[in-house]
Structures are given as structure tokens and as C-alpha cells.
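The structure appears below as C-alpha cells.
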Amino acid sequence: MSTHVLIFPLPMQGPVNCVLKLAELLCISGISVTVLNTDHIQRNLLRHTNVLSRFSRYPNFHFQTISDGLPDDHPRSTARYNEVFEGMKTVTEPAFRDMMVSGCFSCKSDSPVTVVIPDGLFSFALDVAEEIQIPLIYFETVSPCALWTYLCLPKLIGAGEVPFNGIDLDVLIKNVPGTEAFLRRRDLPGFYRYDNLTNPVMQIIMNEARQVPRAHGVILNTFEALDASILDQIRSLCPNIYCIGPLHTLLKSRLPKSTQHNVSNSLWTENRDCLSWLDTQLPKSVVYVSIGSMATMTVDQFVEIWHGLVNSGYPFLFVKRPGSVTGDYDESKVPGNLVGETNRRGFITTWVPQEEVLAHSAIGGFLTHSGWNSTVESMVEGVPMICWPLKVDQNVNSRFVSEVWKIGIDIKDTCDRFVVEKAVKDVLDVRRSEFFRSTKVVAEAGAKSVSENGSSWMDLNRLVEDLKSNDFVCK
Ligand SMILES: *[C@@H]1O[C@H](CO)[C@@H](O)[C@H](O)[C@H]1NC(C)=O
Ligand SMILES: *[C@@H]1O[C@H](CO)[C@@H](O)[C@H](O)[C@H]1NC(C)=O
Ligand SMILES: *[C@@H]1O[C@H](CO)[C@@H](O)[C@H](O)[C@H]1NC(C)=O
Ligand SMILES: *[C@@H]1O[C@H](CO)[C@@H](O)[C@H](O)[C@H]1NC(C)=O
């Protein structure tokens, strides 16, 4: 039976972007791929991206949609994301099972799914895959270092390290093997700070920790040279892992030259004027600031960061996504000097083509929320980071950026104009040559991994062979 892979991403922009890149890599390798999106995500993708024209060159690619159980006008914001999980539990999970067991992906259909690749959080998919006896490979779009803290959650709870006993967030963690020397309570995923294990997010992560090792394999967006020691730890529980990162550069290395420049999956319209503005700036002089596609900050935090940027004296490109600043933001109350200085040295916009921005020679540093996708994109371009993590895996990523890879500064749990100003000056001036060297090493290792015969290149080949050699037959 011909190989037909079903990829089922978490309904958020970051994971959906990643998954589309994996889908394209598999299509290039001659595998039939269906991406299953929620109706809401699919509507936004079609409205704002060239995804259909981009994939029109792959006759072996298809989209399928599924309900997330929420009304069309629900905001699906970070603050209400637990409602998305509830909707998925009651509506999406049974609908998915029907599709797989008797519906459009089943043996009763024209092209049954032979392997399913869901997001690591979709524990329910493993039960369905086992029921119909097809292999399941999880795609973890979070960082391996954060995944490792998820996989260690049962151990952390067993040892009484989580929930935290006491309020000191600087206590070192003992039960995440390999990180004992530097991982503090405050560097664990944000929800490990809940004082109570009945929290639904903790339950979801506990399920993930139990299910991921039962899967046939795990796909990670990293490369061996970056994460060798954490990968060895993960292999102790999940022996079969495929490291195919940096995913976006691996895709570029496999695409024909003529099609390389149109890879945009953004859910917002990208402002390209910022690129011509960057052209007018000095090399490595601009701080790029973005908190990604989901995170939000309060008005006070926004104003603190803004002051810090202005006070640093360096030019800055600040992404202020619609809805990313919460609370009552009143433009007329912003101090006049802030606006004046911004007009002279800054550029504030709603959304930018991030890969192109990070690749621009004028960029000297990236103030980021430390989402894994943004972190990897920054590594690839050799841009040092100022990490202001907010939640999920970001707390872990930022600690690895500062203490393990030494390619940036972690300012987590602060939001203060003086801290921001100092961090900008450290990255662009005081520690400039140190970061120049360390970021170059990481960027070069990343480039090597995706080039011919590099580690990620080879792991993608192995993944493709494994997907094709699966001898699933409909019974
Ligand atoms: C734990 O949290 C839940 C809600 O998240 C709450 O209903 C419950 O009372 C809490 N239990 C304890 C022991 O604090
Ligand atoms: C890439 O985008 C440009 C403009 O956005 C368009 O003119 C061109 O046809 C696109 N190329 C491909 C291969 O889709
Ligand atoms: C990564 O995230 C940025 C900003 O959130 C977005 O512009 C970019 O398209 C994403 N890239 C990938 C590979 O998902
Ligand atoms: C990659 O490996 C193959 C097989 O070992 C070899 O023939 C080829 O020359 C290698 N390519 C590069 C760029 O090293």
C-alpha cells in the first residue's frame, strides 16, 4: 500500500508553520501527505498566506480540516487557550477517531493513512493509532531541552521537587538529569510554578510524558551538534529520535533555488517596509524585538521595554502585533520624548518577515520571548539573543541560551527599563565580540547539519525510508 502520512499540528501558528515545512520536505521525497488543521487555523492560513499556491506544485499534498469545537468568533487567545483544549477533548478527539477508524483516513477510504505524525501534546492520537495498528511518530515542536523537562515531570513530582516547596525560585533542580548544575526552579516551564497538580495543563503534560515514550519515534527540530547531551538523555526513554533541524534551513537546502523565497506561513500580513528601513542602518546595530505569534505583554511591560530600547541609544525594530499588548494602551498618554526618539531611531510595526529580518546585516541582537522557533531562527543567522521568556518551553530555552550555548542573555522574571537598556548595551557593545564568536560556532554547526550528509540531512533520509518501508496493510 502506498505511504500516506497524516500530520496533525497543534492549532497555533508556530507549530502549524513547522508542520508545513515538514510536510513539504516529505512531499519533495515523494510521500503523500495530508495536513489536518482545525477550521479556524485553516481559515486564517488561506486568508493570509500563499500556502495553496506554494503547495500546488505537490499533487501528493492535501489539507483536511476538523472542528476545534469552539464557535467561529472565539478569540482562541493565550489567556483562553484552555478552552481550546476543552473543545478539542469533547469534539476534536472523537471526530479524529472516526476519521481514522471508519472515515476519510481509514481502510474504507481510497487512500488510507499509513503513519500518523501528531503534535506531542496529542496523547489521544496514540490510542487511536494503536487501535487501528498503524505507527505513530510524535512531532515535538517544543525544544528538546523543554521536552526533557516534560519527560522528567513524573520524576520531579515523585521526588517532591514539583510543586515547589517554598517560594525561592533560584533553587537548583536535581531531577532533570544532565542539567543539575544550572537549571533552577525559575527555568522550568512556566506551569511548573502552579502550586497544585490538578491544573489541567499539568495533566496534559503528565499524559504527554507517559505517551511519548510509547510512540514509534519522535521528530525534533534540532541538530545533533547543538543538543548532543540532552538528546542522549531523551534517547534513554525514546530510543528512536529524528533530529531534522534547523527545519527551515533543511527545507531551503532541499528546495530548488527558484522556489526558495516564498516560504511564508504567517497569519498576519507582513510589513516589508521594515527591510528597506534596515537597509539604511549600520551593520549589526539594530535590536529586533518580537514576542512571537501568541504571547502578550501588559501595557506597563510594553512601555518598560520601549523605554529600555530608547535609552540604550541603539536603533530598534519593534513588532507590536495586533492584540499583543493587553490592557488600556492609550497612545496619547505615551511620553512625547519616547515617540520623538522612536521616530528618529526606531521602527514599530505589526508583523515582519522574521527570517528575512534576522538574516539582515543590520541586525545586531534579538529581544525575544524565546519561543523555540524564534530561537532556532536566531541561531541560524548568528544573532545573539536577549531572552524575555513568558511561558511554556521559553523559560528553559532562555536558560540554555545563556548558560549552555552562551549565545545571549536571559532577563527572565524582570521587566525593567534599566535591565533592558543594560542587556542591549551588553549584546551590542560590551560583550559583542564574545557573542560574535559563540553565535558563529552555533550558526556554522547548524548550517553543516543540513548540508549534504550532515546529521539532519541524514536523519531526514532515515525518516523518509522508515515512513516508506512501513508495511502496514488494511485488514
Ligand atoms: C487546586 O486547584 C484547583 C483549581 O485549579 C482548585 O479547585 C483546588 O481547590 C486546588 N486544590 C488545592 C489543594 O489547593
Ligand atoms: C513568489 O512570490 C512572488 C511575489 O510575492 C510571486 O510573484 C511569485 O510568483 C512567487 N513564486 C512562486 C514560485 O510561487
Ligand atoms: C517562527 O516564528 C516567527 C514569529 O513568531 C514567524 O514569523 C516565522 O514564520 C516562524 N517560522 C517558522 C519556521 O515557523
Ligand atoms: C555524501 O556521501 C556519499 C556516500 O557516502 C558520497 O558519495 C558523497 O560524495 C558525499 N557528499 C558530500 C558532499 O560529502
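As the structure lists them, so they are numbered: ligands from 1, and atoms in each ligand from 1.
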Have Ser123 and Asn207 got a donor and an acceptor in their side chains that come within less than 3.5 Å?
no

If we count only N and O atoms by modelled type, under 3.5 Å, do the side chains of Thr65 and Asn37 hold a donor and an acceptor together?
no

Under 4.0 Å from atom 9 (O) of ligand 4, is there at least one protein heavy atom?
no

Would you indicate whether Lys391, at its atom NZ, is surrounded by more than 12 heavy atoms from other residues, nucleotides or ligands within a distance under 6.0 Å?
yes

Give the residue and atom name of whichever protein heavy atom lies nearest to atom 13 (C) of ligand 4, and the separation in Å to one decimal.
Glu452 CD, 3.8 Å

Inter-residue atom distance Tyr138.OH - Phe122.CZ, 0.5 Å rounding:
10.0 Å

Atom 3 (C) of ligand 4: closest protein heavy atom, distance to 0.1 Å, is Asn453 ND2, 3.5 Å

